[in-house]
Amino acid sequence: MIDLKLLQKDFDNVSAQLKRKGVDEELLADLKAKNEALKVAKMAYEAAQAAQNEMSKLFGQYMREKKDVTELKEKVDANKIKVTELLDVQREAEEALVIRAMAVPNLPDENVPDGEDEESNVELKKVLTPREFSFIPKEHWELAEQNGWIDFERGVKLAKSRFSVINGQGAKLERALINFMLDFNEKRGFNEVSVPQIVNRTALEGTGQLPKFEEDLYKIDGDELYLIPTSEVPLTNLYQDEIIPADELPIKMTAHTACFRKEAGSAGRDVRGIIRQHQFHKVELVSITKPEESDKIFDEMVACASDLLTVLELPHRLVTLCTGDLGFGAAKTVDLEVWLPGQATYREISSVSNTRDFQARRAKIRFKDGKANTLVHTLNGSSLAVGRTMVAIMENFQNEDGTINIPEALKAYM
RNA sequence: GGACAGAUGGCAGAGCUUGGUUGAAUGCACCGGUCUUGAAAACCGGCGAGGGUCAUACCUCCUAGGGUUCGAAUCCCUAUCUGUCCA
């Protein structure tokens, strides 16, 4: 959630920044008005409540002194009606405000480039040069089928489209990658955690997936529970509603989980292969930091993911997302895109974001800063999406006869 | 699945029978100070969270949501979770 106090105080500036992310100024003006309305309603309610408390105390005193309370009771009864009404007004105002506020995305950082969509993303650098092929490189689904690694039909049979089954050496590669990534991250100071892959509504609200993106989530019928779309959700919410001692920061975590997404808005995209699946494995990084060190940790996380790709000998590039491509909760995002020779293009394989205090405000994650309790910064990033890493290995390490070599760094894990 | 018992501040743990001046005793932990060469012990002081205010005042929070009442941590209902026992 954005800082409503800041919106109140510096409307023009906040509005200008959110405009870059396509948020209508009128909506913000409305939000500000609702915030002010709540303040007014609250003051009225609290004044009435104070009077009520005052009279109740007096009531007790009268009883002890055995004084007559009929007159006081009349007054207090009348005031009680007022209190109830004012409370209703306040609640309505609050509800209206929260609905609006929860749907407003985070402010982009000032140095995030402007733009409508991925066309305006800015390449930061390329790492490793794509290999020259003496033959026409195949796409991963062709290789996967040829090697018997992926069974697309049976995945569909078991569930539906965008599900697949991985076999034999493919399955082994997947497992090797997960272990390799976790070990690598751990060496970079990220503590391995194993978390639930089903979470409640509160957790998803804390990290910003709800209420806005309900249609992308798999919900468990009959329970207020959802399959996680990313382990960012359980990892970040581990500290929900907590005040963390300053000396425990930064908290750096890594976890492997399956992720589940309905991919509601991507009909027709990446229908072949395993680029876009409803269920996929991902190794994630999440950091919780003091505000002043979040930029530093952000760079560390980007470096961690990039180095992981480098060690796997996978050519890639780093891209800063423009305002239009930035996610809901992110103030800043760097995507890592891996080179896929079969498609002759770079494709996203990791996305590292700093949400600053946006999630922390929603999830109430603070740290004790001397006497004051201050919101932390939360960051998340993949390192890496496992399925897409497999795709990248298949396509980059393919031989002319369709066989696939294993990157040197992975051999110990196979 | 059935029957009880419970859920209080960082932790432990009173208060609930008999509703009122209890945001909450006490202990531990923690922070500051005195003392000490230093530390420990002892002693003194501070010490939950959110909102609000320049700061007070004031409002809210004793798992959550309802209810009773002038007034609820305390009484009633529901949900969730935990423990114990029975199947």
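Every chain is numbered from 1, with letters handed out A, B, ... down the list of sequences. The structure presented is a predicted model; accordingly, all values stated were derived computationally and were not measured.
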Walk along RNA chain B from 5' to 3' and tell me the first and last nucleotide with an atom closer than 4.0 Å to a non-hydrogen atom of chain A. B:G20 to B:G71

Candidate list A:Leu314, A:Val391, A:Leu384, test side chain to side chain contact (heavy atoms under 4.5 Å, CB included), partner A:Val338, passing option: A:Leu314

Given 3.5 Å as the limit, does a donor-acceptor pair link the side chain of A:Ser351 with the main chain of A:Asp335, or not? no

For a quick check of understanding: with a heavy-atom distance under 4.0 Å over all strands, which category does A:Asn79 fall into, base, sugar-phosphate or nothing? nothing

Using the P atom as the reference point in each nucleotide, state the distance between B:U21 and B:A40 in Å, no decimals. 40 Å

Touch class at under 4.0 angstrom, heavy-atom based, for A:Met63 against every strand present: base

Set of residues satisfying side-chain hydrogen bond (donor to acceptor under 3.5 Å, both in side chains) with respect to A:Gln49, sequence neighbours excluded: A:Tyr45

Considering every strand and a 4.0 Å limit on heavy-atom distances, what is the contact class for A:Arg91: base, sugar-phosphate, or nothing? sugar-phosphate

What does A:Lys42 touch in the nucleic acid at a heavy-atom separation under 4.0 angstrom: a base, only the sugar-phosphate, or nothing? sugar-phosphate

Could you work out the separation of B:G10 and B:G2 based on their P atoms and round it to a whole Å? 35 Å

Which part of the nucleic acid, if any, lies within reach of A:Ile243 when heavy atoms closer than 4.0 Å are counted: base, sugar-phosphate only, or nothing? sugar-phosphate

What integer number of Å spans the P atoms of B:G9 and B:A79? 24 Å

Across the strands shown, which category fits A:Gln52 at heavy-atom distances under 4.0 angstrom: base, sugar-phosphate, nothing? sugar-phosphate

Ignoring hydrogens and angles, tell me if any N or O in the side chain of A:Gln52 forms a donor-acceptor pair with the backbone of A:Val83 under 3.5 Å. no

Quote, to the nearest angstrom, the P distance that separates B:U74 from B:U8. 14 Å

Describe the nucleic acid contact of A:Lys364 in one word from base, sugar-phosphate, nothing, applying a heavy-atom distance below 4.0 Å. nothing

Whether the side chain of A:Ser306 engages the backbone of A:Val302 through a donor-acceptor N/O pair (distance < 3.5 Å, no angle test) should be reported. no

So, the side chain of A:Thr355 versus the backbone of A:Thr378: is there a donor-acceptor pair under 3.5 Å, distance only? yes

Suppose you measure atom C1' in B:A12 against the same atom in B:A25; what distance do you get, rounded to whole Å? 14 Å

Going by side chain to side chain contact (heavy atoms under 4.5 Å, CB included), A:Pro113 matches just one of A:Asp325, A:Thr320, A:Leu326. Which one? A:Thr320

Rounding to an integer number of angstrom, what distance separates B:G66 and B:C61 when you compare their P atoms? 11 Å

How far, in whole Å, is B:U60 from B:U53 if one measures between their C1' atoms? 16 Å

In whole Å, measure the gap between the C1' atoms of B:C43 and B:G51 for me. 38 Å

